[in-house]
Amino acid sequence: LQTLPPLQLAHKYFSLFPSDRDPLWQNPCEDKRHKDIWSKEKTCDRFPRLLVIGPQKTGTTALYVLLGMHPDLISNFPSKETFEEVQFFNGHNYHRGIDWYMEYFPLPSNTSSDFYFEKSASYFESEVAAGRAAALLPRAKIITVLLNPAERAYVWYQVQRETNVWYQVQRETNVWYQVQRETNVWYQVQRETNVWYQVQREPTSGIRYRESPRLVSGTESAYVWYQVQSAYVWYQVQREPTSGISYTERPRLVSVTERVHIWYQHQRAHNDPVALKYSFHEVITASRDAPVRLRVLQSRCLVPGWYAVHLERWNTHYHSTQILVVDGQMLKTEPAAVMDKVQKFLGLVNTVDYHKILAFDPKKGFWCQLLEGGRTKCLGKSKGKRYPDMDPESQAFLREYYRDHNIELSRLLYRMGQPLPSWLRDDLLNTR
Ligand code: A3P
């Protein structure tokens with residue numbers, strides 16, 4: 001028997017089996033041959049036993065936080081790249097290998113009781129995530145949160161618009177100036193207090209923001225924004241006349257942290273300013289011959305809402321009993337009842353009564369963690385926003401658009417032995 005040297009052999013192998021170039025990681029302890037060569041230093045228990053798979057904008061962060069409040073559940077370490085989400089199975093991180101993934105979880109202390117989980121909201125609609133997850137975590141539990149797909153699409157679009165404002169600012173520095181003008185704060189502060197002028201030591205009139213290259217980098221613009229805030233505060237302290245500007249109507253872009261958050265959101269929003277250019281109705285109704293960028297946005301907005309297609313994919317890789325479908329509407333209004341179901345589904349040793357540790361915060365309009373002294377800790381500003389109502393034409397369009405998908409979903413859920421979410425029941429009644 002003859003063989004080639006290792007490198008050439010590998011080349012030969014991959015030319016014969018090109019599909020094997022894309023790895024499919026498995027748990028090393030599932031296969032004796034793998035286990036035998038797996039380092040003695042490593043454990044096979046440093047993987048999650050629960051995945052919250054999304055989709056985005058359905059309440060996945062709220063569920064992630066609620067799960068983290070349970071003493072038996074341990075979430076992943078937050079990712080610096082993508083905020084808290086690891087995003088291993090859906091994209092390029094997968095090629096970094098399982099050691100990279102394991103680093104996101106603590107070293108197991110007592111292997112039988114450590115119950116790790118992670119939430120990555122793009123797993124749901126990913127074509128590859130379900131197969132990859134099932135190969136590595138065949139016994140994992142899967143939770144998906146489903147909200148009315150029309151509502152999800154609308155909220156998703158609103159977020160794109162908001163996050164992309166900052167993108168516009170970066171790309172066209174003159175927009176920075178325009179945003180200031182629009183919001184009136186910084187622009188007026190400049191004119192009336194001259195603080196920023198002092199800092200810049202440039203003439204106030206004739207500052208050519210359009211050509212200011214300074215305002216391009218994220219760090220610098222964060223700094224600039226900080227200065228603007230100082231100017232604003234200084235101005236408030238002076239209590240000088242505002243020339244009719246009502247500062248109570250200050251725009252959303254008020255703090256450095258918030259702006260940085262928006263900057264981060266922008267990074268996640270794939271740099272696409274199209275949402276600013278087109279209305280929600282234009283996005284969802286774009287025709288086949290519409291500009292490509294608009295079509296891409298349309299698809300990112302609508303496709304995650306093809307729930308039956310995506311859920312079916314997960315169901316071919318995981319048994320129905322391993323999957324829990326959470327009603328996103330119920331998660332908003334009765335999170336404690338949802339958590340009762342979740343705990344049962346996970347078969348946890350200890351049961352937490354979430355009715356006792358959550359409280360409705362009227363200011364936030366959502367349920368939040370109850371702290372000592374009756375105070376509440378809610379999700380950050382970027383979660384749980386209020387948007388204007390969707391226009392009736394878009395509502396009618398989406399009802400029609402998602403009709404067959406929703407009917408298909410109800411069939412699938414029936415087959416899976418899962419109850420229908422309340423919004424789906426209502427939707428089906430209305431479409432008859
Ligand atoms: P908005 O932030 O658009 O209002 P996700 O985390 O999957 O992106 O979902 C965000 C959505 O979760 C929020 O949408 C909000 O409607 C919903 N949500 C559910 N429970 C919540 C809670 N307790 N606090 C804040 N938002 C919650």
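Start at 1 and go down the list; that is how both ligands and their atoms are numbered. What's counted below: heavy atoms across the whole structure, side chains too, no hydrogens, waters or symmetry copies.
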Checklist entry - Are Glu312 and Arg415 close enough, and set up right, to give a salt bridge (Lys or Arg N to Asp or Glu O under 4.0 Å), and what steps lead you there? => result CA-CA 11 Å; Glu312 184 81 67; Arg415 266 192 283 132; 3.3 Å; yes

Checklist entry - For Val145, does its backbone N or O pair with a side-chain atom of Thr58 as donor and acceptor, under 3.5 Å? => result yes

Checklist entry - Counting heavy atoms only, which of Gly365, Gly59, Ser382 is nearest atom 12 (O) of ligand 1? => result Gly59

Next on the checklist: Would Lys364 count as being in polar contact with ligand 1, using the rule that some N or O on each side must be under 3.5 angstrom apart?
Outcome noted: no

Next on the checklist: Return the closest protein heavy atom for atom 7 (O) of ligand 1 as residue, atom name and distance.
Outcome noted: Thr60 OG1, 2.6 Å

Checklist entry - When you check the side-chain N and O atoms of Tyr154 and Asp389, is any donor under 3.5 Å from an acceptor? => result no

Next on the checklist: Counting only heavy atoms closer than 4.0 Å, does ligand 1 sit against the backbone of Phe366, its side chain, both, or neither?
Outcome noted: side chain

Next on the checklist: Please list, in number order, the atoms of ligand 1 under 4.0 Å from a heavy atom of Tyr387.
Outcome noted: 1 (P), 3 (O), 4 (O)

Next on the checklist: Which label fits Phe89 and Tyr94: parallel for a plane angle under 30°, tilted from 30 to 60°, or perpendicular past 60°?
Outcome noted: tilted

Checklist entry - CD of Gln322 to CG of Leu137: how many Å apart, nearest 0.5 Å? => result 10.5 Å

Checklist entry - Which of the numbered atoms in ligand 1 are below 4.0 angstrom from a heavy atom of Trp367? => result 23 (N)

Checklist entry - Polar-atom distance check: Lys119 versus ligand 1, any N or O pair below 3.5 Å? => result no

Item to check | Among Gly328, Ala62, Gly384, Cys368, closest by any non-hydrogen atom to atom 20 (N) of ligand 1 | outcome: Ala62

Item to check | Smallest separation among heavy atoms of Thr351 and His70, with atom names | outcome: CA-NE2, 4.4 Å

Checklist entry - By number and element, which atoms of ligand 1 are closer than 4.0 Å to a non-hydrogen atom of Lys385? => result 1 (P), 2 (O), 4 (O)

Checklist entry - Is a donor on one side and an acceptor on the other found under 3.5 Å between the side chain of Tyr318 and the backbone of Ala133? => result yes

Next on the checklist: Test of understanding: given a 4.0 Å heavy-atom threshold, classify the contact between Val155 and ligand 1 as side chain, backbone, both, or neither.
Outcome noted: side chain

Checklist entry - What's the spacing between Leu331 CG and Leu63 CG if we round to 0.5 Å? => result 6.0 Å

Checklist entry - Relative to the heavy atoms of Lys332, which atoms of ligand 1 are at a distance of less than 4.0 Å? => result 16 (O), 19 (C)

Checklist entry - Taking only heavy atoms of Lys383, which atoms of ligand 1 are found under 4.0 Å from at least one of them? => result 2 (O), 5 (P), 6 (O), 8 (O), 10 (C)

Checklist entry - What do we get for Thr61 next to ligand 1 when only non-hydrogen atoms under 4.0 Å count, side chain, backbone, both or neither? => result both

Checklist entry - Between Phe280 and Tyr157, how do the two ring planes meet: parallel, tilted or perpendicular, split at 30° and 60°? => result tilted

